[in-house]
Structures are given as structure tokens and as C-alpha cells.
Amino acid sequence: MKGSGRAFCAGGDIVSLYHMINAGKMEDCKEFFRTLYTYIYILGTCLKPHVFATPETLIGFHPDAGVSFFLSHLPGEYLGLTVEKLNGAEMISCGLATHYAHSSKLALIEEQLGKLDTDDPSVIENSLEKYSDLVCLDNISVLHRIEILDKCFSHDTVEEIIDSLESETSKTSDAWCISTLRRLKEASPLGLKVSLKSVSPFPDTQNWAFFPLSPPPLPIRN
């Protein structure tokens with residue numbers, strides 16, 4: 001399954017929600033979120049692998065749709081607060097993707113997968129392997145900055161994270177620190193605080209390791 005154009009989904013209609021709130025239509029707002037999160041639950045419990053990309057803090061929101069679950073197992077504070085995107089090589093390195101192929105091969109891969117008459121994962125895996133490319137992180141990848149990510153983003157509050165980045169910037173005048181600091185200051189303060197709380201590692205993260213990268217089951221309201 002793929003999207004028609006740049007992405008699979010453009011996200012919820014935040015503009016219509018904004019107008020409903022201003023018009024005092026709170027019941028319609030509740031129905032909006034009830035429908036949205038029921039759908040997210042269904043998608044999240046689907047066995048087919050999928051990945052969400054959510055620029056939430058830039059629009060005054062926070063990472064939802066199950067994103068907070070797998071971000072808590074990654075450099076999630078950085079990704080969740082800055083909404084920076086990972087490229088293909090970084091997705092492979094983080095374990096969010098299993099195969100990498102140049103875009104010129106996508107049509108061929110789709111054609112070959114379409115010819116498979118099986119639900120055996122090993123057969124699908126072997127088919128993908130035939131067209132996969134070996135890929136390495138480029139020199140400017142943020143994953144080469146794990147030490148500074150841990151140093152600046154391991155704090156419990158947004159204020160401490162910003163203070164740490166400002167301290168690092170004053171010492172090094174590093175372009176990445178300056179850019180990251182600017183992105184945080186442009187984002188919604190409330191969105192940042194809620195996001196940090198939602199993507200922080202669970203206290204018993206080691207006991208969650210057996211879960212797939214999707215939200216744990218939640219009850220559906222009738």
C-alpha cells in the first residue's frame with residue numbers, strides 16, 4: 001500500500017478542528033478525535049509494518065498515532081521535539097526499515113511483489129533482498145552525534161534541554177546546535193512539553209522490548 005504523491009497520508013484536518021473549536025462545536029471535536037484514534041488503533045494493531053512521520057510540534061500538537069511508543073525506543077526526544085526526518089540509511093540504522101533500494105528500482109520491486117502468490121514472510125523477504133542496496137550513513141547524519149544528543153536531550157524538561165543546547169552553542173558555535181536550537185524556539189512551547197513527556201523512555205523499557213513498533217492494544221469505544 002502506498003500514497004498517491006508525496007505521502008500516504010496528510011494527517012488529520014487540523015484546520016477544520018480549529019474552526020470547530022472557535023464555533024464552540026465541542027461535541028463535533030470529540031467525534032473528530034473519537035474517529036481519528038479508533039482508526040489509529042486499527043492501523044496500529046495491523047500486522048503489516050508501517051511507519052508514521054509526524055511534524056507535530058511545528059503545528060502546536062504532539063507525536064501521537066503510536067509514534068510516541070517507538071520514539072521512546074530511539075533518540076526520541078530529539079526526533080519528537082525537532083520533528084527532524086530520518087533518511088533511508090538512518091531508518092535502516094535505527095531498525096525502522098528492513099530494506100533499502102534506490103527509487104529507480106521501485107517500479108520493478110512492485111512488479112515482482114505483485115507476482116508473488118504467498119503470505120510466507122521468508123519468500124517476500126528473499127524477493128526484497130534481491131533488489132536491496134547496501135547503504136551507509138552519510139557524514140552529516142545526526143546519528144553520528146549520539147554523544148551530543150544524549151548530552152543535550154537526556155534532560156527531564158524542555159527548559160533544561162534548551163539550556164544545554166545554548167551552553168553547547170556558546171562553546172562550539174556548531175551549526176547543528178544553532179539550527180536545532182532555532183527549531184525548538186520556533187515550536188509550540190506546550191507542544192514541546194507534552195511531546196517530551198510522551199516520548200521519554202518508559203521506566204520499564206527493557207520489559208517492552210518484545211512489542212512491535214506499533215501502539216499496544218487499547219479498548220475501542222463503541
Next item on the list: For the pair Glu147 and Lys151, find out whether any cationic side-chain nitrogen is under 4.0 Å from an anionic carboxylate oxygen.
Entry: no
Next item on the list: Kindly determine whether Ile148 and Trp176 satisfy side-chain contact (heavy atoms from CB on, under 4.5 Å), including the steps that lead there.
Entry: CA-CA 11 Å; Ile148 193 170; Trp176 177 85; 3.9 Å; yes
Note to self: Between Ser141 and Glu90, is there a side-chain donor-acceptor contact under 3.5 Å, judged purely by atom types and distance?
What the structure shows: yes
Note to self: Is it true that Asp120 and Ser122 share a donor-acceptor pair across their side chains at a distance under 3.5 Å?
What the structure shows: yes
Checklist line | Test: Arg34 and Glu27 ion pair at under 4.0 Å | finding: no
Margin query: Tell me the closest heavy-atom pair linking Ile109 and Leu128, and the distance in Å.
Written below: CG2-CD2, 4.0 Å
Check: For residues Glu160 and Thr157, is any side-chain donor paired with an opposing acceptor at under 3.5 Å?
Finding: yes
Check: Can you find a side-chain donor-acceptor pair between Glu168 and Ser164 that sits under 3.5 Å?
Finding: no
Notebook entry, point to check: With under 30° as parallel and over 60° as perpendicular, where do the rings of Tyr78 and Phe153 fit, or are they tilted in between?
Noted result: perpendicular
Sequence neighbours left out, cut at 3.5 Å: what donor-acceptor pairs do the side chains of residues 94-101 make with other protein atoms?
from: His99; atom 1: NE2; to: Glu125; atom 2: OE2; distance (Å): 3.4
from: His99; atom 1: NE2; to: Glu129; atom 2: OE2; distance (Å): 3.4

Next item on the list: Could you tell me whether Arg145 and Asp174 have a side-chain N and a carboxylate O separated by less than 4.0 Å?
Entry: yes
Notebook entry, point to check: Does a side-chain N-to-carboxylate-O contact under 4.0 Å join Arg183 and Glu186?
Noted result: no
Check: Thinking salt bridges, do Lys193 and Glu159 make one under a 4.0 Å N-O criterion?
Finding: yes
Notebook entry, point to check: What pair of heavy atoms forms the shortest contact from Ile178 to Ser173, and how long is it?
Noted result: CD1-O, 3.9 Å
